[in-house]
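Every value quoted in this text rests on a predicted model; they were computed, and no experiment measured them. Letters go in sequence order (proteins before strands), and every chain restarts at 1.
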Amino acid sequence: MAFTLPDFPAKTIATKTTTILQVPDNPKTLILEKCRTTRDLNQVHAHLIKTRLLHNPNVANPLLESAALLLPNPSINYALNIFRDLEKPDSAAYNAMIRGLTLKQSSNEAILFFRQMIEHLVKPDKFSFSSVLKACSRLKALMEGQQIHAQIFKCQWSCKHEELVNNALVYMYASCGEMVLARRVFDGMSERSTITWNSMFSGYVKSGFWEEVTRLFREMLDMEVQFDGVTLISVLTACRKLGDLELGQWIDDYVEVNGLMGNANLVTSLFDMYAKCGCVDAARRLFDRMPRKDVVAWSAMIAGYSQANRGKDALSLFHEMQKANVEPNEVTMVTVLSSCALLGALETGKWVHSYIKKKKWKLTVTLGTALVDFYAKCGCVDSAVEVFQEMPSTNVLSWTALIQGLASNGQGIRAMEYYSLMQQQNIAPNDVTFIGVLCACSHAGLVDQGWAFFTSMTRDFGFEPRIEHCGCMVDILGRAGRIEEAYNFIKSMTTKPNAVVWRTLLASCRFHKNVEIAEESLKQVVRLEPAHAGDYILLSNVYASVGRLEDALRVRSQMKEIGVKKSPGCSLIELDGVIHEFLAEDSLHPDLEDIYTAIDHIMKRIKLAGYVPNTAEGRLDAEEDGKEASISHHSEKLAIAFGLLKTTPGATIRISKNLRICTDCHNAAKLISTVFDRVLVIRDRNRFHHFVGGTCSCNDFW
DNA sequence: GTAGGGTTAG
């Protein structure tokens with residue numbers, strides 16, 4: 001930093017690491033540099049006292065600034081000492097302190113200094129205002145900010161026209177979420193720089209006013225105002241939230257044409273936008289083009305896969321990241337954990353947990369919630385609860401994850417205990433919490449409680465029931481066998497029922513053998529969503545369950561006529577930390593030959609144990625294929641898993657399914673866990689079923 | 001002075 005010095009002896013003071021250098025062509029300018037430790041400052045300070053130069057504000061202020069701004073934390077006290085020694089601190093001295101304190105996250109003290117400055121009748125200048133406003137922005141201290149705004153307004157001198165001051169005002173209001181006030185200052189400015197515009201953008205982004213961001217950007221383009229990379233990053237954030245791929249692509253072209261691809265932050269925003277707009281592969285192509293990828297870029301791409309439900313790609317990218325020697329951080333691990341939760345990849349997630357412990361990372365709310373969710377989705381309820389209890393602080397998301405986790409693992413009662421505990425701790429539930437709570441009621445078979453929560457949600461908390469809540473109610477009533485009531489509930493819904501709601505009812509009809517409402521439900525499902533094989537199978541099974549085999553077969557052939565596509569069933573098997581993915585009719589899988597041998601083996605064992613596929617599905621498959629005992633899709637997957645289990649002694653097998661488990665599958669699992677004397681875990685959507693020696697630990701459904 | 005990645009539901 002340079003400063004002017006009236007009468008300083010023309011010589012150089014040198015300490016071990018500090019030099020006050022005299023610039024040869026201007027003997028009055030000295031450069032204070034490399035003042036990086038308190039000791040250095042001490043020596044210079046002492047010298048200035050000795051030479052009586054400290055009384056000269058031109059010398060003292062740069063020293064103060066150096067102490068307040070350059071040095072790490074303890075030196076702020078040192079700066080305070082220098083400040084207190086000043087006979088009559090001027091505005092520059094105050095500014096140095098305010099800036100220094102704001103920089104060191106002591107924004108409260110910065111504002112106090114500003115107050116003191118006013119009390120001592122020291123006239124604030126544009127730097128004072130912009131610094132103290134920055135402190136207000138940090139603290140989101142709207143009231144103080146407005147008081148300062150009033151002072152600026154009262155100023156007789158030109159501060160209120162200073163761009164620096166107005167930028168700080170815009171940014172202060174934007175940080176406080178007061179976008180109307182920010183806009184008012186913005187509109188009143190005669191000159192606006194790119195930074196002014198960017199402050200507006202950052203405010204709209206912070207408040208989540210995504211439409212305003214793109215609107216303002218189009219305004220900027222119309223007015224032909226220069227924008228920069230920072231602008232584009234804000235606009236890209238809005239694009240990804242709005243799913244505005246068109247504008248996003250325009251920015252991509254602009255970045256390409258104007259040679260901005262070197263801006264790594266901008267490129268990260270760009271591919272992140274693509275990923276969140278559903279173009280994960282386009283995102284990956286951009287990501288691959290980045291010459292140097294930092295931890296944010298890696299995490300963003302992993303998150304892109306994870307949020308697109310491509311957990312396997314997410315985890316393999318994480319392994320690549322490790323090979324590239326990029327240290328993961330908390331955000332990386334949160335996304336990795338959510339990928340593990342998607343896949344039911346217990347071993348990998350556990351490794352992440354031990355990594356976190358080894359590195360002694362703080363269990364933040366986000367990290368803890370990700371762990372709770374991961375353990376719960378993998379069926380390890382006790383570990384989920386354990387992590388939850390270790391968390392130093394929790395929020396509504398953590399509680400919701402736990403409640404949902406307990407509910408989906410068949411512990412509905414316990415889930416509701418945690419809901420009341422949550423209320424005792426005065427943590428307000430949100431609408432998602434109620435999905436968990438209603439889910440708990442459905443799994444625990446608590447119809448009256450379910451109704452009570454459904455009513456309370458709107459009456460006591462003001463959440464209008466969303467389609468998901470209604471779906472839960474249908475599930476609660478349907479599972480309890482109150483099919484008519486569920487049907488009437490759907491009819492009375494204010495929101496239009498979707499295919500999921502009708503499908504839920506259809507599944508209940510299957511369980512409780514209600515032909516009439518099943519027929520109506522299928523009609524509605526087909527009307528709302530392009531034909532889905534599972535829906536026809538459900539109806540066919542309803543017919544079969546009441547002995548109307550001809551109708552069952554008719555539905556099956558109807559399926560073929562209409563050409564209903566069977567979505568490829570997909571199973572994921574984790575074997576010693578590696579995820580194996582099997583698609584139905586997957587003939588290219590490397591382990592397939594072994595697997596078929598294993599299936600034969602399994603089938604023999606199954607027959608030996610007297611297992612007869614006793615569901616309509618099993619029978620129909622057999623008839624269709626012209627074989628005596630063909631196995632259903634679900635049993636086949638089980639067989640594959642057990643084939644692997646058999647060839648790898650001691651391995652733990654986990655099967656994750658994206659399909660609802662049928663009774664057939666359940667029985668097979670029971671049987672197989674007995675025959676092989678192993679623990680078996682099956683995932684049915686987000687619920688895990690544990691089989692130990694032929695018994696399933698969650699008997700809420702079966 | 002302004003800027004990039006994350007957790008709960010279906």
N/O donor-acceptor pairs under 3.5 Å from side chains in residues 325-333 of chain A, not counting sequence neighbours:
| from | atom 1 | to | atom 2 | distance (Å) |
| --- | --- | --- | --- | --- |
| N329(A) | OD1 | V331(A) | N | 3.1 |
| N329(A) | OD1 | T332(A) | N | 3.1 |
| N329(A) | OD1 | T332(A) | OG1 | 2.9 |
| E330(A) | OE2 | T364(A) | OG1 | 2.5 |
| T332(A) | OG1 | S299(A) | OG | 3.0 |
| T332(A) | OG1 | N329(A) | N | 3.0 |
| T332(A) | OG1 | N329(A) | O | 3.4 |

- prompt: What nucleotide among dT8(B), dG4(B), dT2(B) has an atom nearest to a side-chain atom of T268(A)?
  reply: dG4(B)
- request: Could you tell me if the ring centre of Y173(A) sits under 6.0 Å from that of H149(A)?
  value: yes
query: Hey, does V267(A) reach any base, or is it just sugar-phosphate, or nothing, if we go heavy atoms under 4.0 Å?
result: nothing
task: Please report, rounded to the nearest Å, how far the P atom of dG6(B) is from the CH2 atom of W361(A).
output: 16 Å
task: Using whole Å, report how far CG of L367(A) lies from P of dT7(B).
output: 12 Å
query: Has the side chain of S269(A) got a donor or acceptor that lies under 3.5 Å from a partner of the other kind on the base of dG4(B)?
result: no
- prompt: So, do H353(A) and F374(A) have ring centers that fall under 6.0 Å from each other?
  reply: no
field: Closest nucleotide among dG5(B), dG10(B), dT7(B) to the D272(A) side chain
entry: dG5(B)
message: Please report the distance, rounded to the nearest Å, between CE in M189(A) and C1' in dT2(B).
response: 12 Å
query: Rounded to whole angstroms, how far apart are CG on D431(A) and P on dT8(B)?
result: 14 Å
message: Is it the case that the base of dG1(B) and the side chain of N198(A) share a donor-acceptor contact (distance under 3.5 Å, atom types as modelled)?
response: no
field: R466(A) side-chain N/O to dG10(B) phosphate OP1/OP2 under 4.0 Å
entry: no
field: CZ on F434(A) to CZ on F453(A), rounded to 0.5 Å
entry: 7.5 Å
query: Looking only at atom types and distance, does a side-chain atom of S207(A) sit under 3.5 Å from a main-chain N or O of Y204(A), one as donor and one as acceptor?
result: no
field: From dT2(B), dG10(B), dT7(B), nucleotide with atom closest to V334(A) side chain
entry: dT7(B)
- prompt: Would a line drawn from the ring center of Y254(A) to the ring center of F227(A) be shorter than 6.0 Å?
  reply: yes
task: Just compare dA3(B), dG4(B), dG6(B) and give me whichever is closest to any side-chain atom of A297(A).
output: dG4(B)
message: Please tell me if Y419(A) has a side-chain N or O lying less than 4.0 Å from either OP1 or OP2 of dT8(B).
response: no
query: Taking the six-membered ring for Trp, is the centroid-to-centroid distance between F388(A) and W399(A) below 6.0 Å?
result: yes
- request: Using only side-chain N and O atoms of K206(A), determine if any of them is under 4.0 Å from OP1 or OP2 of dT2(B).
  value: no
- prompt: For I302(A) and dG4(B), what is the distance between atoms CD1 and C1' respectively, to the nearest whole Å?
  reply: 15 Å
message: Can you measure F201(A) atom CZ to dG1(B) atom P for me and round it to whole angstrom units?
response: 20 Å
- prompt: If you look at every strand shown and take non-hydrogen atoms under 4.0 Å, does A303(A) touch a base, only sugar-phosphate, or nothing?
  reply: sugar-phosphate
message: Quick check on dA3(B): is either OP1 or OP2 less than 4.0 Å from any side-chain nitrogen or oxygen of S202(A)?
response: yes
query: So, is Q307(A) near the phosphate of dG6(B), with a side-chain N or O under 4.0 Å from OP1 or OP2?
result: yes
query: So what does T335(A) touch, heavy atoms closer than 4.0 Å: a base, only the sugar-phosphate, or nothing?
result: sugar-phosphate
- prompt: Taking the side chain of N167(A) as heavy atoms from C-beta outward, which of dG1(B), dG10(B), dG5(B) is closest to it?
  reply: dG1(B)
Those residues of residues 281-294 of chain A lying under 4.0 Å from DNA chain B by at least one heavy atom: D294(A)
query: Picking from dG10(B), dT7(B), dG1(B), which would you name as closest to the side chain of I435(A)?
result: dG10(B)
- prompt: In whole angstroms, how far is the C1' atom of dG5(B) from the OH atom of Y274(A)?
  reply: 18 Å
query: So, for Y355(A) and W361(A), is the gap between ring centers shorter than 6.0 Å?
result: yes
query: For the pair made of CG in N265(A) and P in dG4(B), what is the distance, rounded to whole Å?
result: 8 Å
field: Minimum-distance nucleotide (side-chain atoms of S234(A) versus dA3(B), dG5(B), dG10(B))
entry: dA3(B)
